[in-house]
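None of these values were measured; they are calculated from a predicted model. Heavy atoms only: backbone and side chains are in, while hydrogens, waters and symmetry mates are out. Labels below follow one simple rule: chain letters A, B, ... track the order of the sequence lines, proteins then strands, and each chain is numbered from 1.
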Number of protein chains: 2
Amino acid sequence: MLKRSKQRDAILNFLTTRYDHPTVETVYLNIKEDFPNISLGTVYRNLNLLSKIGEIQKIASGVGPDRFDGNPKPHYHFFCKECGAVLDLKLEGLEHINVLAGQDFDGEIDGHITYFYGKCPECMRKRES
Amino acid sequence: MLKRSKQRDAILNFLTTRYDHPTVETVYLNIKEDFPNISLGTVYRNLNLLSKIGEIQKIASGVGPDRFDGNPKPHYHFFCKECGAVLDLKLEGLEHINVLAGQDFDGEIDGHITYFYGKCPECMRKRES
DNA sequence: CTGCATGCAAAAACTTTGCACCGCC
DNA sequence: GGCGGTGCAAAGTTTTTGCATGCAG
């Protein structure tokens, strides 16, 4: 029932070339270069669809628009408080915190969402100058 | 420069009586009982102000509207995937994960935001029946 | 008085959706 | 040709903001 489309292919393909976790708007503007008639609604629909079927990840920072990650494998993210950049972190899984959280809790802990924040390497460099 | 207002007092006071992390809308409707003329804008302004000065916490789940917590002390939250409830967790600080995250990262890790998700005690009970 | 806070409404920011049409299987 | 996907635009949701007025210090 899932039918392929050039637009969706292009969106997925674009996302795999970017490591800066672009917003919907960024995806839209870039895909538009190849598909001048594509609509924002289509980008939203496909981005949501792709994240639902697990081919990409949606990152909701809570500030500003959602961002998307072409890497579907679980990993952690870092948000720079200075420039707003979103970076991938090299970090082993933190499943053990689920256990900690469950120790004093009567419900069921299925997982967690964590993001780290601070100053990114680039902004550190700027400050030192 | 920070001038007191009855509305803000009422909002802060209301929040300290609630442990279910109400949304702006909920706060608005409740405060309205005592201040029928209060506007949603005022509630937003005060909630944002209070969280900025650290008297309350803003919880951005990424889905639906933000929620607010009258307890300013750092603690972790749990989101129930079934009923949407937001609960406080009894959980010691997880500062050690900041260290882990920083081990392979050239920037500065100042902190993290984590929330856990799963099934809350109440929804567990319902399922068992 | 001075200026922050409020109420009101408009607008901004972000996202979803209804509908007619298009194109793949 | 049937059905999912698209483009377009309208509408939905959540939040912010400009402005005149009100009230605390």
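- Note: NZ (B:K58) to C1' (D:dT14) measures 11 Å, nearest angstrom.
- Between the CG atom of B:L47 and the C1' atom of D:dT15 there is a distance of 12 Å, given to the nearest Å.
- For the pair B:H77 (side chain) and B:L87 (backbone), a donor-acceptor distance under 3.5 Å is absent.
- If you check D:dG7, C:dC8, D:dT6 against the side chain of A:S5, the one that comes closest is D:dT6.
- At least one donor-acceptor pair closer than 3.5 Å links the side chain of B:Q57 to the backbone N or O of B:N71.
- Comparing A:N37 and B:R4 along DNA chain D, the residue whose closest nucleotide (by nearest heavy atom) sits nearer the 5' end is A:N37.
- For the residue pair B:K32 and B:N37, no side-chain donor N or O sits within less than 3.5 Å of a side-chain acceptor on the partner.
- Atom pair B:N46:CG and D:dT16:C1' shows a separation of 14 Å (rounding to whole Å applied).
- Computed from coordinates, the B:Y28 OH to D:dT13 P distance equals 16 Å when rounded to whole Å.
- Looking at A:Y76, its side chain does come within 3.5 Å of a backbone N or O of A:L94 through a donor-acceptor pair.
- Side chain of A:P65, nearest nucleotide from C:dT15, D:dG7, C:dG7: C:dT15.
- Residue contacts shown for B:E25 are absent, as no nucleic acid heavy atom lies under 4.0 Å away.
- Side-chain N or O atoms of B:Y115 include one that pairs as donor or acceptor with a backbone N or O of B:S61 at under 3.5 Å.
- Note on B:T42: a side-chain N or O is less than 4.0 Å away from OP1 or OP2 of C:dG7.
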What are the atom names and distances for every N/O pair under 3.5 Å that joins the protein to nucleotides 18-23 of chain D?
from	atom 1	to	atom 2	distance (Å)
D:dG18	O6	B:R45	NH1	3.3

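- When the salt bridge (Lys or Arg N to Asp or Glu O under 4.0 Å) test is applied to B:D9, the partners found at least two apart in sequence or on another chain are B:R4.
- Rounded to whole Å, the distance from OH on B:Y44 to P on C:dA9 is 17 Å.
- Of the two residues contacting DNA chain C, namely B:G41 and A:N48, the nearest-nucleotide position lying further toward the 5' end is that of B:G41.
- Both B:R8 and B:L40 lie close to DNA chain C; mapped to their nearest nucleotides by heavy-atom distance, the more 5′-ward contact belongs to B:R8.
- If you measure from atom CG of A:L2 to atom C1' of C:dC24, you get 13 Å, rounded to the nearest angstrom.
- Checked for salt-bridge contact, B:D110 and A:K81 meet the test: a charged N lies under 4.0 Å from a carboxylate O.
- In this structure, the CG atom of B:D66 is 17 Å from the P atom of C:dA13, given to the nearest Å.
- For the pair B:M1 CE and D:dA24 P, the computed distance is 17 Å after rounding to whole Å.
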